[in-house]
> 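My questions will all concern the structure given below.
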Protein chains: 2
Amino acid sequence: MNIGEVAARAGLPAKTIRYYEDIGLIKPPRDTNGYRAFGEVELHKLAFLARARALGFRIEDCRDLLRLYEDEARSSAEVRAIAQQHLDRIAKKIADLEEMRNTLSDLVDACAGDQRPDCPILASLSKYPV
Amino acid sequence: MNIGEVAARAGLPAKTIRYYEDIGLIKPPRDTNGYRAFGEVELHKLAFLARARALGFRIEDCRDLLRLYEDEARSSAEVRAIAQQHLDRIAKKIADLEEMRNTLSDLVDACAGDQRPDCPILASLSKYPV
DNA sequence: CTTGACCTTCCAGTCACTGGAATCCCTATA
DNA sequence: TATAGGGATTCCAGTGACTGGAAGGTCAAG
């Protein structure tokens, strides 16, 4: 299987797959012509990576998850710890974004949005508590 | 006012202020010794930028907001449009993150987190619909 | 005169790709 | 057999918004 086919099947751009090889996430063998030759195992790993990335896991987490996945002697606690940490980070991000959204939403609501220059958004940004 | 003081008062690292000068957001004059010499106007701008960035506005949005802030002939509609776009992006991000959080949260709940290798998190990542 | 805190510039690294250039390989058709 | 195309390869550079660090200049206090 060449990179184009495996990319289509794993749902990842070919560029990304080359990048994953660069950083050592996968190690596909090469054909005599120098093309990467992907088997089902490689494809499976790439699909795994695509799903982990879609859940927002960082690359280094993906590396660890992949390692654990291939380690028969893993404990589910290790996997769970990675996921829990990631969950915490996501919750924090959501909280931060929600605060931004609330503030911004109030400001946008308060702004007339017409041709006059007066604007509570700018007023809020420029209020000067220094 | 040197960069250290203005940094403390605006709540931005000195590095960031130098970076903002690099990309043309501010243009503080220089003392004879080559030090940046900040006045109240510069400080005000930096505080503005710090607040805009804290609301998650991108640098290019900040540049536009600053320009509008200084433009007496602005219309509040322009400002509102920028904020509304940003709000939309934030809402999208929140929605994406919430979807991740829900999925992850289910998986973490389903995982025993003990020393056994069986793990629904890995199972979900490796299920193979290709 | 020295010390230490501050300032300067410049370069490299972050994260996870992504775009593009230059070149090579394979297959099919005229 | 020539060629055209589509796909593969590598390598370099850029993204956003900083951040760390090195190497060196400046200033005020003791």
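A note on names: the letters A, B, ... follow the listed sequences, proteins ahead of strands, and every chain is numbered from 1. What's counted below: heavy atoms across the whole structure, side chains too, no hydrogens, waters or symmetry copies.
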> Inspect the contact between B:K92 and B:E98 and indicate whether a charged nitrogen and a carboxylate oxygen are less than 4.0 angstrom apart.
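No, no charged N to carboxylate O under 4.0 Å.
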> What integer distance in Å separates B:I17:CD1 from D:dA17:P?
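After rounding, the gap between these two atoms is 17 Å.
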> Answer whether the closest heavy-atom distance between the side chains of B:I59 and B:L49 falls below 4.5 Å.
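Of all side-chain heavy-atom pairs linking B:L49 with B:I59, none is under 4.5 Å.
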> Quick check on D:dG16: is either OP1 or OP2 less than 4.0 Å from any side-chain nitrogen or oxygen of B:Y19?
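So the side-chain polar atoms of B:Y19 never come under 4.0 Å of the phosphate oxygens OP1 or OP2 of D:dG16.
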> Using only atom types and a distance under 3.5 Å, with no angle test, would you say the side chain of B:R18 pairs donor to acceptor with the backbone of B:P13?
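No; judged by distance alone, with no hydrogens or angles, the pair does not exist.
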> Pick the nucleotide of DNA chain C nearest each of A:F57 and B:N2; which residue has the one closer to the 5' end?
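So the residue in question is B:N2.
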> Considering only NZ, NE, NH1 and NH2 on the basic side and carboxylate oxygens on the acidic side, decide whether A:D118 and A:R116 come within less than 4.0 Å.
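No, A:D118 and A:R116 are not salt-bridged.
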> Counting only side-chain heavy atoms from C-beta out, which of D:dT9, D:dA17, D:dC11 sits nearest to A:R30?
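Closest nucleotide among those given: D:dT9.
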> Nearest to the A:R36 side chain among D:dC18, D:dT10, D:dG21, which nucleotide is it?
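Out of D:dC18, D:dT10, D:dG21, the nucleotide with an atom closest to A:R36's side chain is D:dT10.
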> To the nearest Å, how far apart are B:I23 CD1 and D:dT15 P?
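Atom CD1 in B:I23 sits about 12 Å away from atom P in D:dT15.
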> Would you say D:dT9 has OP1 or OP2 under 4.0 Å from some side-chain N or O of A:R18?
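Yes.
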> Are any protein N/O atoms closer than 3.5 Å to N/O atoms in nucleotides 27-30 of chain D? If there are, list each pair with its distance.
unit_1, atom_1, unit_2, atom_2, d
D:dC27, OP1, B:N33, ND2, 3.1

> Could you walk me through whether A:E40 and A:K45 pass the salt bridge (charged side-chain N to carboxylate O under 4.0 Å, His left out) check?
CA-CA 9 Å; A:E40 292 300 318; A:K45 276 196 207 180; over 6 Å; no
> Can you tell me which residue among A:K27, A:R36, A:K15 is in a salt bridge (Lys or Arg N to Asp or Glu O under 4.0 Å) with A:E21?
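Only one option passes, and that is A:R36.
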> Reading DNA chain C 5' to 3', which nucleotide is the first, and which the last, to come under 4.0 Å of any heavy atom in chain B?
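Contacts span C:dC6 to C:dC10, reading 5' to 3'.
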> If you assign B:T16 and A:E21 each to the DNA chain D nucleotide with the nearest heavy atom, which residue ends up on the more 5' nucleotide?
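Result of the comparison: A:E21.
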> Mind listing the closest non-hydrogen atom pair of B:A14 and B:A7 along with its distance?
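Minimum heavy-atom separation between B:A14 and B:A7: N-CB, 3.9 Å.
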> Out of A:L55, A:V79, A:L66, which residue meets the side-chain contact (heavy atoms from CB on, under 4.5 Å) rule with B:L125?
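When A:L55, A:V79, A:L66 are each tested with B:L125, the side-chain contact (heavy atoms from CB on, under 4.5 Å) holds only for A:L55.
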> Rounded off to whole Å, could you give me the NZ-to-P distance for the A:K15 and D:dT10 pair?
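Between P of D:dT10 and NZ of A:K15: 11 Å.
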> Measure the distance from CG on B:D31 to P on D:dT26 and round it to the nearest whole Å.
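Those two atoms, CG and P, are 13 Å apart.
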> Using the side chain to side chain donor-acceptor pair (under 3.5 Å) rule, pick out the option among B:Q85, B:H86, B:R89 that qualifies with B:D61.
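With B:D61 as partner, side chain to side chain donor-acceptor pair (under 3.5 Å) holds for just one option, B:R89.
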